[in-house]
Colleague: 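Can you keep this structure in mind? I'll have questions shortly.
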Amino acid sequence: GARSRPWGQAVEVELCGRTVAVFVDDDLGESGQVWSASRMLGDLLAANNVPLQGKRVLELGSGTGALGIALAMHGAHVTVTDADFVCGLMESNIAIPANREMVAAAGGSVQPRALLWSENGAASEGDDR
């Protein structure tokens, strides 16, 4: 739904050799943070010069969307997913002008999508709250 206040704190993170501007929000719990796993995967991809241009990527449990945005800044076409209540944060981060410009310049794209993984491993759309 519509948000009555701005997202939490604006930060810049280094992922995959790119600077990504994102909002983080403690009100969303772990979903509103950039996880250390995102930083580690980004470092691994950058250190090994993994070619991302034109690759299709599906990120599960994207939270802020920071890693997906960074991959798109390398020209990947990324679908970032998380529970419905997190999608607004991902959309806001994708829409930050500096992010949009870097993604466009690289020929990449980022598309947010609500996707919730249940305990039995099956995927469903929407929020289970």
Side-chain angles (χ1 to χ4, degrees):
R3 192 163 167 95
S4 60
R5 64 174 182 76
W7 295 108
Q9 179 183 4
V11 300
E12 289 186 346
V13 293
E14 291 291 325
L15 295 169
C16 297
R18 298 292 189 265
T19 301
V20 181
V22 293
F23 293 102
V24 294
D25 197 316
D26 291 338
D27 289 349
L28 295 177
E30 292 179 344
S31 298
Q33 306 303 314
V34 178
W35 284 31
S36 60
S38 294
R39 296 175 199 274
M40 289 187 286
L41 179 56
D43 289 348
L44 179 69
L45 294 171
N48 290 289
N49 295 314
V50 174
L52 296 167
Q53 185 70 40
K55 301 292 185 194
R56 293 177 50 193
V57 178
L58 172 64
E59 185 183 6
L60 304 175
S62 304
T64 63
L67 180 61
I69 295 166
L71 298 177
M73 288 177 175
H74 283 277
H77 301 285
V78 185
T79 301
V80 290
T81 67
D82 213 313
D84 187 53
F85 72 96
V86 183
C87 285
L89 178 62
M90 290 189 304
E91 291 167 354
S92 293
N93 289 335
I94 293 165
I96 291 173
N99 294 340
R100 278 198 333 249
E101 291 168 13
M102 290 280 294
V103 168
S109 63
V110 188
Q111 299 297 320
R113 182 158 181 222
L115 183 67
L116 184 66
W117 287 85
S118 69
E119 290 181 13
N120 67 8
S124 62
E125 293 187 31
D127 183 9
D128 67 346
R129 294 190 294 166

Colleague: Can you give me the closest heavy-atom contact between T19 and M73, atom names plus distance?
Modeller: O-CE, 3.7 Å
Colleague: Please say yes or no: joined through hydrophobic side-chain contacts below 4.5 Å, possibly via intermediate residues, are V22 and W35 part of one cluster?
Modeller: no
Colleague: Is any side-chain heavy atom of T79 less than 4.5 Å from a side-chain heavy atom of S62?
Modeller: no
Colleague: I'd like to know whether L60 forms a side-chain contact (heavy atoms from CB on, under 4.5 Å) with L115, so could you lay out the CA-CA distance, the side-chain angles of the two residues, the decisive distance to 0.1 Å, and finally the verdict.
Modeller: CA-CA 8 Å; L60 304 175; L115 183 67; 4.0 Å; yes
Colleague: Before you tell me yes or no, could you show the steps for Q33 and L28 under side-chain contact (heavy atoms from CB on, under 4.5 Å), namely the whole-Å CA-CA distance, both residues' side-chain angles and the distance that decides it to 0.1 Å?
Modeller: CA-CA 8 Å; Q33 306 303 314; L28 295 177; over 6 Å; no
Colleague: To the nearest 0.5 Å, how far apart are CG in L58 and OG1 in T81?
Modeller: 5.5 Å
Colleague: For the CG atom of L41 and the OG atom of S36, what is their distance to the nearest 0.5 Å?
Modeller: 11.5 Å
Colleague: What residue among V11, T64, I96 forms side chain to side chain contact (heavy atoms under 4.5 Å, CB included) with F23?
Modeller: I96
Colleague: Return the minimal non-hydrogen interatomic distance between C16 and L67, and the atom names on each side.
Modeller: SG-CD1, 4.1 Å
Colleague: Please report the shortest heavy-atom distance between M102 and R18, naming the atom on each side.
Modeller: CE-CD, 3.8 Å
Colleague: Please name the pair of heavy atoms, one in G63 and one in V86, separated by the smallest distance, quoted to 0.1 Å.
Modeller: O-CG1, 3.4 Å
Colleague: Can you pull out every side chain to side chain donor-acceptor pair (under 3.5 Å) where at least one residue sits in residues 91-109? Sequence neighbours excluded, please.
Modeller: W7-S92, H77-S109
Colleague: Are L71 and V50 co-members of a hydrophobic cluster defined by side-chain heavy atoms under 4.5 Å apart?
Modeller: yes
Colleague: Compare all side-chain heavy atoms of V80 with those of Q111 and state whether any distance is below 4.5 angstrom.
Modeller: no
Colleague: Give me the one residue out of V78, L89, V110 that meets side chain to side chain contact (heavy atoms under 4.5 Å, CB included) with I94.
Modeller: V110
